[in-house]
Amino acid sequence: MVDDTGKQAAARVAGRMRVPDDGYPTAPVERIASLNPAQRAAVGFGIEAQRGGEQRHPPLLVIAGAGSGKTSTLAHRVAQLIDCGAEPTRLLLLTFSRRAADEMSRRVGRLLGRRAAGTPPLPWAGTFHGIAARLLREYAARIGIDPAFSIHDRQDSADLLNLARHGLGFSARAKRFPLKGTCLAIYSAVLNTQVALGEVLQTSFPWCAEWQAELKSLFREYVRSKQAQQVLDYDDLLLYWAQMVGEGELGREIGGRFSHVLVDEYQDTNRLQAAILLGMKPDGNGLTVVGDDAQSIYAFRGATVRNILDFPQHFEPPAQVLTLDRNYRSTQPILDAANRVIALAQERFTKDLWSERRTGEKPWLVAVRDEADQATYVVEQVLARREAGLRLKSQAVLFRTAQHSVRIEIELRRRNIPFVKFGGLRFLEAAHVKDVLAILRWGQNPRDRMAGFRAMQLVAGIGPKSASRVLDHIASAAPACLLLDEQPVAEAARPAWREFAALVADCGPARTPWPTACERVCRWYQEQIDRLHEDPLPRQADIEQLALIAATYPNAERFLTELTLDPPAASSDEAGPPLLDEDYLILSTIHSAKGQEWTAVFVLNAVDGCIPSDMATGSTAALEEERRLLYVAMTRARTHLELILPQRFHVTQQPAHGDRHVHAARTRFIPHALLPDYEQLSWPPPAFVVAPANPHARQQVFDLTARMRAMWE
Ligand code: ATP
Ligand code: MG
């Protein structure tokens, strides 16, 4: 007997669903027909268990290579579930970035067609951190935290840890105690890998092992001060969520809110994230995860590929494992080259892919003289492709670290070509943006010392001393008692202080409607900007941009949370990010390019020292992760892939030695034996190079900056 719920019946009447002979509904024919049999199996897996009223959906793992349709399959599965009666509000979809979550929501909306119009199809689509923040605010009262908690980004966390480090007197030790960044990395590694401090120190930070006892007391103090200030850091979001769902009854309640939990890019999750999923769905009912072990690129943040490999065995019977082997993204020559790069990896589980797009050009290895030529070459190629009809948006320039794109950015600006940069220095890391956010955050949570300390020093006449005094005053006052106006500040600073105090008080929850509160803060800050900064103009533009972004959020809390967790990716270009309907080139770190694809992809600096990064050649594991990074970069390309190899790099040395060039070798991940997979090109072609009279002339660099410094030595 078919469990014919009212919803399904209604849907049939409306002619939305095809009801095959066996009696249970599938998604509309045209939608499902585009999928291959393996994808179809993944989309429909377990959904037939709804027959007979049984609400069991056994756990499923889809493990497959790049571009095989994992994300598409997940979107189809969500649409199929909704078609079969699942409530969109009961679907939890976890993605790697907010951008990916938005894209997934849109995709599901498109798949569902007009039915989804007007309603957000997936209210619970987001990143692990974003969803954690929402759930923790909702359940705050049940787990003993204040729902108005602030969230500290990595920089704030390191600063707070540093205060604790000073407070405990560790910074004054005769022998050098680890710096704040290292302390935070150790703390974060312990939490995210769920491994004991001693072991983390031995394996990853052996030079800090002698400080184990001090580190422990430092972390204790750090946790104490976070709690006193009602602050959670990134790691806390996952930790609290994991702990919350680890509490039997509460875990069942929260897990029970969601009929299905679906996770994309599962290879880049860590043990805490796995614990969260198991806490919510101990028997795996309704759990679907997809990923590719060959694309695991976040081990440096505690992600473990074991999560995906061990997933099936967590359940009894073990989770179903499905694989996909057809790639829909790239041409076969691009796939061949990428497959052979990853085939040299020490460990690998997913199989090679094949593509129907059998013909096409091989990827290019392009040798250029230096980074300046690299920038000129890439920009000219991008423009040539645009002339040939390929939009800028269908082209991307990828690089290992954000600094690698500096020359290209200059070249693009010079030629007035719009671009958006993902990854690297975020908009939010700019001092002026942090200032405005600190005021808003302090208004929301007066116990947040980091925010208060930063915000107060923006007022003329208030320095660190007065700021600390005010914070101590507030800390000893009754809860929720701010009374900023009456704080002990110097007489001379009083008028400016009064104006500021009123501004902060207005930012408190439910005081001034949103986004007016933010607009006011921005206006106040713009009035101060000439006093605070020597280069106010580009900063003014950023503040205006921030006000515009704020207006797209329903309230201060959502704005601050989401901005802290997943800041806007566009770089703080003076002109602001291009309008959405404009055409623009994508510049992205390889890490931020995860899950995406472009018709033409240029990978910068495919040389040793950049890929692999010279920071990562110390251990085999780090080196293997770099290999996977190159694989991720190459598999972003649909039709055209170019790896650029600058032959020389400019290195700044000690003033006395002047600057020099070092010669770079092709990345070790493309050894000689793999060269037949590529076309090779030298640019500019030798015939066009006008030989300088002195062959060394190009290398001669007059470092005037070094001379200036030397004047004072
Ligand atoms: P990655 O590993 O990079 O995250 P993925 O496995 O998630 O890749 P998708 O991004 O879902 O792959 O799909 C890659 C491309 O293939 C997309 O353009 C998608 O639209 C297309 N595609 C996937 N399945 C099919 C199909 N059955 N028919 C046609 N195109 C498909
Ligand atoms: Mg994907």
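Order of appearance sets the numbers: ligands from 1, and atoms from 1 within every ligand.
Heavy-atom proximity to atom 13 (O) of ligand 1, evaluated over Ser68, Ala66, Ala38, Ser72, is greatest for Ser72. The residue from Glu265, Arg40, Lys70 that puts a heavy atom closest to atom 5 (P) of ligand 1 is Lys70.
The nearest heavy-atom contact from the protein to atom 8 (O) of ligand 1 is Gly67 N, 2.9 Å. With respect to atom 22 (N) of ligand 1, the closest heavy atom belonging to the protein is Tyr328 CB, 3.5 Å. The protein atom (non-hydrogen) at minimum distance from atom 12 (O) of ligand 1 is Gly69 N, 3.0 Å. Of the protein's non-hydrogen atoms, Gln39 NE2, 3.0 Å is the one closest to atom 24 (N) of ligand 1.
At a 4.0 Å cut-off, at least one heavy atom of Arg636 sits close enough to ligand 1 to count as contact. Look at Gly65 and you'll find a heavy atom under 4.0 Å from some atom of ligand 1.
In this structure, Arg40 fails the cation-pi test against Phe45, since its NZ or CZ atom is not both closer than 6.0 Å to the six-membered ring centre and inside 45 degrees of the ring normal. Arg134 forms a cation-pi arrangement with Trp124, by the criterion of a distance under 6.0 Å to the ring centre and an angle within 45° of the ring axis.
Asn192 pairs in a side chain to side chain contact (heavy atoms under 4.5 Å, CB included) with only one of the listed residues (Thr304, Asp235, Leu239), which is Asp235. Tested against Asn307, the residues Val263, Thr269, Asp268 include a single side chain to side chain contact (heavy atoms under 4.5 Å, CB included) partner, Thr269. Just one residue in the list Leu94, Ile63, Leu277 forms a side chain to side chain contact (heavy atoms under 4.5 Å, CB included) with Tyr266, and that residue is Leu277.
Applying the side-chain contact (heavy atoms from CB on, under 4.5 Å) rule to Glu625 yields the partners Ala299, Phe300, Arg628; only residues at least two apart in sequence or on another chain are considered. In this view, Tyr678 satisfies the ring-ring contact (aromatic ring centres under 6.0 Å, His included) rule with no residue, not counting sequence neighbours. Phe315 is linked by a side-chain contact (heavy atoms from CB on, under 4.5 Å) to Pro59, Leu278, Leu287, Phe311, Ala319, counting only residues two or more places apart in sequence or in another chain.
Contacts between Glu597 and ligand 1 below 4.0 angstrom, taking non-hydrogen atoms only, involve the side chain exclusively. Neither the backbone nor the side chain of Gln596 comes within contact range of ligand 1; no heavy atom lies under 4.0 Å.
For ligand 1, the atoms closer than 4.0 angstrom to any heavy atom of Leu35 are 27 (N).
Proximity of a side-chain donor or acceptor of Ser355 to a complementary backbone N or O of Arg358 within less than 3.5 Å is not detected. In this structure, Asp677 contributes its side chain and Pro333 its backbone to no donor-acceptor pair below 3.5 Å.
For ligand 1, one of its N or O atoms has an N or O atom of Arg329 under 3.5 Å away. Not a single N or O atom of Gly595, backbone or side chain, sits closer than 3.5 Å to an N or O atom of ligand 1.
By the 4.0 Å N-to-carboxylate-O rule, Arg636 lies too far from Glu597 to be salt-bridged with it. Of the charged side-chain nitrogens involved, at least one lies within less than 4.0 Å of a carboxylate oxygen, so that Asp608 and Arg668 count as a salt-bridged pair.
Around the Mg ion (ligand 2), the protein contributes the following N, O or S atoms at distances under 2.8 Å: Thr71 OG1.
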